[in-house]
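In what follows, a single structure is set out as structure tokens and then discussed.
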Number of protein chains: 2
Amino acid sequence: MSPDDQRPVDAETALADAPAGHKDELRLWLRLLTTATMVETEIRRRLRVQFATTLPRFDLLAQLQRAGPLTLGGVSRRMMVSNGNVTGLATRLEAEGLIERRVNAADRREQSLRLTPRGKREFARQSAAHEGWIAELFAGLSAADRVALHRLLGRAKASIGGALQEETQ
Amino acid sequence: MSPDDQRPVDAETALADAPAGHKDELRLWLRLLTTATMVETEIRRRLRVQFATTLPRFDLLAQLQRAGPLTLGGVSRRMMVSNGNVTGLATRLEAEGLIERRVNAADRREQSLRLTPRGKREFARQSAAHEGWIAELFAGLSAADRVALHRLLGRAKASIGGALQEETQ
DNA sequence: CGCGTTTGCTTGAAGCCTAAACTAACCCGC
DNA sequence: GCGGGTTAGTTTAGGCTTCAAGCAAACGCG
């Protein structure tokens, strides 16, 4: 039973010790994933304990705040999630009185979502805290490193986007 | 209402156009998140269509393959997920005949998970494909960029880890 | 020895998420 | 106008995930 090391071991550490091949890319991917997961988990935790909300709810409010009234489909595309997902999320947020639905008279298939006044207030509080949390988590990175990282991630995104394109074609 | 732009818009593009403050870090975080999400979504999709499996299942098999027999708790720590999560995952994988549970005679609270022969074969196939997919997605990045990105992500991880530490103390 | 604590795992309730099937509304061309 | 195709949104089934509560085994210490 391998007395089993008890300290927390992150996925990357556990996985990265493999032989040769494309292991280079694999290590990069694991580190990217681990980093994103660490931040995401912490943000979810803080949203839960400090605001009794969740990341998807917060994200949906953020879309409405920044892009004005949106259809469900618009939110779905922006959040990169499925249509059905947004339906459920919107239902819950509406029930909580943070957003409201309004059917588009000109095209009755569509409905636009918008923040209620209460939703605006609530999101403003959450958003300010959120911005601070992110700043705090990345504070250990120099400004130059942040810029460099941002640039390299841009290239990574382009690489991935390109690969996805080719696949479709 | 708002004829609504129809092209896909990723979260980052949609969110990053905000005023001043700690927006620097926020933009970095959004790009990091978007990049990771793009890869993850594609990997999930390919696992589903090519192997009729899911990412968490694959990850659990990967842990067992690379770290030998593990307790549920060991898997939980390595995968950075909750205990209850692993219970359900293990139940499904056991039902599919890919792993087996074995109670530790010396400590009957513990049970070790290990791959069955069929699990080993299945994972070997999936793993080879997975490695290729990752290489493909990051192929547009030069070796130098990959190294630099890996290094910067290491610093980001350290920054985040540090912030989490302080919080606890 | 015995009792309180810790540890490993399971359960239950709730929410998130997807793909696929479906409904309703719109559009287009005849 | 009307039928075929498209688009917006909902529903359903299934899986993933968490937290919190709970149970049983083991530990530790008086």
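Reminder, nothing fancy here: chain letters follow the sequence lines and each chain counts from 1. Note that the structure is a prediction, hence the values are computed from the model and not measured.
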*asked:* Quick check: on DNA chain C, is the nucleotide nearest A:V86 upstream (toward 5') of the one nearest B:L72, or the reverse? Name the residue that is more 5'.
replied: B:L72
*Check the distance between C:dG15's P and A:R44's CZ and give it to me in whole angstrom.*
15 Å
*Counting heavy atoms from C-beta on, name the nucleotide in D:dC16, C:dC9, D:dT18 closest to the side chain of B:R92.*
D:dC16
*asked:* What's A:L55 touching, base or sugar-phosphate or nothing? Going by heavy atoms closer than 4.0 Å.
replied: nothing
*Report which part of the nucleic acid B:R48 touches: base, sugar-phosphate, or nothing (heavy-atom distance under 4.0 Å, all strands).*
sugar-phosphate
*asked:* Rounded to whole Å, how long is the line connecting atom CG of B:L93 with atom C1' of D:dC16?
replied: 12 Å
*Nearest whole angstrom, please: distance from the C1' of D:dT7 to the CD of A:Q111.*
14 Å
*Nearest to the side chain of A:D107 - C:dC26, D:dG15, D:dT18?*
C:dC26
_Working for ring-ring contact (aromatic ring centres under 6.0 Å, His included), residues B:F51 and B:F58_ = CA-CA 10 Å; B:F51 296 108; B:F58 174 80; 8.5 Å; no
*Take atom CG of A:N83 and atom P of C:dC16, then tell me their distance rounded to the nearest Å.*
17 Å
*d(CE, B:M80; P, D:dT18) in whole Å*: 11 Å
*Counting side-chain heavy atoms from CB outward, which of D:dT10, D:dT17, C:dC17 is closest to A:N85?*
C:dC17
*asked:* By nearest atom, which of the nucleotides C:dG15, D:dT17, D:dG15 is closest to the B:R57 side chain?
replied: D:dG15
*Out of D:dA8, C:dC17, C:dT10, whichever nucleotide has its closest atom nearest the side chain of A:E110*: D:dA8
*Would you indicate what A:T54 reaches in the nucleic acid, counting non-hydrogen atoms under 4.0 angstrom: base, sugar-phosphate, or nothing?*
sugar-phosphate
*So, do B:V86 and B:V81 sit near enough that their side-chain heavy atoms are less than 4.5 Å apart?*
yes
*To the nearest angstrom, how far is A:L113 atom CG from D:dT10 atom P?*
9 Å
*Do we see a donor-acceptor contact under 3.5 Å between the side chains of B:S112 and B:R114?*
yes
*Between D:dT17 atom P and A:I43 atom CD1, what is the distance in whole Å?*
19 Å
*For the side chain of A:R109, counting heavy atoms from C-beta on, which of D:dA8, C:dT6, D:dC16 is nearest?*
D:dA8
*asked:* Nearest whole Å is fine: how far is D:dG14 P from B:L89 CG?
replied: 18 Å
*Classify the nucleic acid contact of A:R45 as base, sugar-phosphate or nothing, counting any heavy atom under 4.0 Å across all strands shown.*
nothing
*asked:* Checking B:E40 against B:R44 for the salt bridge (Lys or Arg N to Asp or Glu O under 4.0 Å) test, could you report, in this order, the C-alpha distance in whole Å, the side-chain angles of both residues, the deciding distance, and whether it holds?
replied: CA-CA 6 Å; B:E40 205 178 320; B:R44 284 182 195 274; 2.7 Å; yes
*From CA spacing to verdict: salt bridge (Lys or Arg N to Asp or Glu O under 4.0 Å), B:E122, B:R118*: CA-CA 6 Å; B:E122 204 44 39; B:R118 186 163 152 243; 5.5 Å; no
*Between C:dA25, C:dC16, C:dC9, which one does the side chain of A:R108 approach most closely?*
C:dA25
_Given DNA chain D, 5'-ward residue of the pair B:V81 and A:T91, judged by closest heavy atom_ = A:T91
*asked:* Looking at A:R46 and A:E42, is there a salt bridge between them, counting it only when a charged N and a carboxylate O are closer than 4.0 Å?
replied: yes
